[in-house]
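Here the structure comes first, spelled out in structure tokens, and everything after it is commentary.
Heavy atoms only: backbone and side chains are in, while hydrogens, waters and symmetry mates are out.
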Amino acid sequence: MAGKELIDRFQETFGRGAGPLAVRAPGRVNLIGEHTDYNDGFVLPIAIEKEILALVRPRDDRQVIIHSTAQDRPVRFSLDEILAPAGPAWGNYCRGVAAGLKERGEKLVGAEILLDSTIPGGAGLSSSAALEVATALALQAAAGTLGLVPAGELARLCQMAEHVFAGAPVGIMDQSICIMGQAGHALLLDCRSGQVRHVPFNDPHLVLLVCDTQVRHAINDGGYASRRSQCESAAAKMGVPSLREATLEMAARCTGLTTTERQRVRHVVGEIARTLDASAALQAGDYAAFGHLMVASHHSLRDDYHVSCEELDTVVESALAQKGVYGARMTGGGFGGSAIVLVAVDQAAAVTAAIAADFSRRFGWPCPIFSTTAAAGAGLVEAGDSGHRLPSSF
Ligand code: GLA
């Protein structure tokens, strides 16, 4: 929704009064380092231009009322009640975040919030993490406490909201990149130590395409959780705290591993190494090497981790058959969602057209494709900021 329209909608919903503040929280794609975060490994995501914008105004009571332009039913709760999961389902991410802030003893005030998202849901682009972070920032903006919770702690609080209120045992990647992303950079995150490095990702000769297969999955449907527990059980059998400490030699020696566990270990150990190599390749501007690592990551997710699907494989294969493509892979949890393609800028239009045509010919529905640069992480939208959807004097 355009900015002026959104402000009008806010006033229709909540009445005229003091102008709202605005915060934004972006979606993400992961360049490489998939299913490594909950194994204490490395990830290399970027924040994308698609985002959730939240307009927020404090109330002088303890009620929180959250409307979304995409939902009929609003979310309502009192900051004084004991927060527990309740309908509508999307509101659980918001309730979980409010509960986490309360538990930390953060100052909170009632708030009226209107959310508007350009991140397609279920596309593997982290719309849930963006919803959590947008809610956290909106509540903090209302209370005048923005920026007071350190980034890493806020990411963990949002992750916990998803574990406890939405039943999805996700890792720390999505919330971290949403909060810590920097424009023009990918984020190399060590999920064990929490250390970060911002790696430049802003070469004007390259374009990153995001291809949404429109195959939708829920992250709490079991496939994700089973991968996580297979990794944990493999680590326990090898006597290491996590697969970050595992090696392929250890796996070869460990007779108790099942075939499936062996495959999971092979993926995770390989992917952690690929992520570090890919970060170094990016830093050196070696896009050929970077692209090869993307493809190796996809194959490993397909063959050893079993989280790809025919639609994602098709996008990757048609991309790799085109001129100017450095690499392609599924991104995010998998089982559907999106694939990314790194392509030379002068070939981007042709590659987009070829992938879209191959896909709809094969499956009979379209594969929407957009390009994105590495966007900034979540934060306050100041009046007059360029590059966002609000008019300069909101
Ligand atoms: C989902 C989770 C992340 C991460 C990825 C796979 O996006 O939310 O924590 O585990 O899957 O890399």
In one Ile/Leu/Val/Met/Phe/Trp/Tyr side-chain cluster, 4.5 Å: [X], [Y]:
| X | Y | result |
| --- | --- | --- |
| V207 | V29 | no |
| V351 | I340 | no |
| V341 | I46 | no |
| V240 | V268 | yes |
| F363 | V215 | yes |

Between [X] and [Y], what is the shortest heavy-atom contact and its length?
| X | Y | result |
| --- | --- | --- |
| A99 | L83 | N-CD1, 3.6 Å |
| G41 | I272 | CA-CD1, 3.7 Å |
| P85 | N92 | CA-OD1, 3.2 Å |
| C191 | V43 | SG-CG2, 4.0 Å |
| V199 | S279 | CG2-OG, 3.7 Å |
| A138 | V56 | O-CG2, 3.5 Å |

Point to revise | Derivation of the salt bridge (Lys or Arg N to Asp or Glu O under 4.0 Å) call for R253 and E249 | key: CA-CA 6 Å; R253 279 199 310 269; E249 294 71 38; over 6 Å; no
Could you grab the distance from atom [atom1] of [X] to atom [atom2] of [Y], nearest 0.5 Å is fine?
| X | Y | atom1 | atom2 | answer |
| --- | --- | --- | --- | --- |
| R28 | I177 | CZ | CD1 | 9.5 Å |
| Q263 | D304 | CD | CG | 5.0 Å |
| R24 | S117 | CZ | OG | 12.0 Å |
| D358 | S318 | CG | OG | 4.0 Å |
| L31 | L208 | CG | CG | 6.5 Å |
| H267 | R264 | NE2 | CZ | 9.5 Å |

[X] side-chain N/O to [Y] backbone N/O, donor-acceptor pair under 3.5 Å:
| X | Y | result |
| --- | --- | --- |
| S126 | D174 | no |
| D116 | L53 | no |
| K237 | C254 | no |

A side-chain contact here means heavy atoms from C-beta on lying under 4.5 Å apart; do [X] and [Y] qualify?
| X | Y | result |
| --- | --- | --- |
| V64 | S78 | no |
| L115 | H67 | no |
| T275 | L188 | yes |
| T352 | L209 | yes |
| R266 | S300 | no |
| L125 | P120 | yes |
| F335 | C309 | no |
| L139 | L108 | yes |

Review point. Aromatic rings Y326 and Y287: how do their planes relate, parallel, tilted or perpendicular, breaks at 30° and 60°?
Key: perpendicular
Point to revise | Whether W365 and F359 hold their rings parallel, tilted or perpendicular, with breakpoints at 30° and 60° | key: perpendicular
Do NZ/NE/NH1/NH2 and the carboxylate oxygens of [X] and [Y] come within less than 4.0 Å?
| X | Y | result |
| --- | --- | --- |
| K102 | E106 | no |
| E271 | R274 | yes |
| R362 | E311 | no |

Practice item. Determine which pairs satisfy salt bridge (Lys or Arg N to Asp or Glu O under 4.0 Å) with at least one residue from residues 179-203, sequence neighbours left out, and list them in order. Key: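 The answer is D190-R244, R192-E245.
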Exercise for review: Check step by step if side chain to side chain donor-acceptor pair (under 3.5 Å) holds for S233 and E261.
Suggested key: CA-CA 8 Å; S233 119; E261 284 167 347; 2.3 Å; yes
Exercise for review: Show your working on salt bridge (Lys or Arg N to Asp or Glu O under 4.0 Å) between R329 and E34 and close with a plain yes or no.
Suggested key: CA-CA 10 Å; R329 61 182 291 277; E34 218 66 86; 2.8 Å; yes
Review point. Just checking, is any N or O donor in the side chain of S242 or N39 under 3.5 Å from an acceptor N or O on the other one?
Key: no
Could you pull out all donor-acceptor pairs under 3.5 Å where a side-chain atom in residues 146-155 meets a protein atom, sequence neighbours excluded?
unit_1	atom_1	unit_2	atom_2	d
E153	OE1	R104	NH1	2.7
E153	OE1	R104	NH2	3.2

Point to revise | Result of checking R302, H298, H299 against D313 for side chain to side chain donor-acceptor pair (under 3.5 Å) | key: H298
Practice item. Check the pair L312, V316 against side-chain contact (heavy atoms from CB on, under 4.5 Å), reporting the backbone distance first and the verdict last. Key: CA-CA 6 Å; L312 287 167; V316 169; 5.6 Å; no
Show me, pair by pair, the donor-acceptor contacts under 3.5 angstrom made by side chains of residues 367-374, not counting sequence neighbours?
unit_1	atom_1	unit_2	atom_2	d
T372	OG1	E49	N	3.0
T373	OG1	E49	OE2	2.4

Show which side-chain atoms of residues 161-173 pair as donor or acceptor with protein atoms under 3.5 Å away, not counting sequence neighbours.
unit_1	atom_1	unit_2	atom_2	d
E162	OE1	Q175	NE2	3.3
H163	NE2	V170	N	3.3
H163	NE2	V170	O	2.7

Review point. Are H35 and Y224 close enough, and set up right, to give a ring-ring contact (aromatic ring centres under 6.0 Å, His included), and what steps lead you there?
Key: CA-CA 9 Å; H35 290 277; Y224 184 92; 5.6 Å; yes
Practice item. Start with the C-alpha distance between L320 and V295, add both sets of side-chain angles, then the distance that settles side-chain contact (heavy atoms from CB on, under 4.5 Å), and finish with yes or no. Key: CA-CA 9 Å; L320 295 178; V295 177; 3.8 Å; yes
Point to revise | Evaluation steps, side-chain contact (heavy atoms from CB on, under 4.5 Å), between I65 and R59 | key: CA-CA 10 Å; I65 306 167; R59 289 172 61 96; 3.4 Å; yes
Residues 3-22 side chain polar contacts: donor-acceptor under 3.5 Å, at least two apart:
unit_1	atom_1	unit_2	atom_2	d
K4	NZ	D8	OD1	3.1
K4	NZ	D8	OD2	3.0
Q11	OE1	R16	NH1	3.0
T13	OG1	R9	O	2.6

Review point. What's the verdict on side-chain contact (heavy atoms from CB on, under 4.5 Å) for S297 and Y305, showing C-alpha distance, side-chain angles and the deciding distance?
Key: CA-CA 10 Å; S297 164; Y305 219 67; over 6 Å; no
Exercise for review: Please name all residues satisfying side chain to side chain contact (heavy atoms under 4.5 Å, CB included) with Q182, sequence neighbours left out, ordered by chain then number.
Suggested key: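 Result, side chain to side chain contact (heavy atoms under 4.5 Å, CB included) vs Q182: H185, H198.
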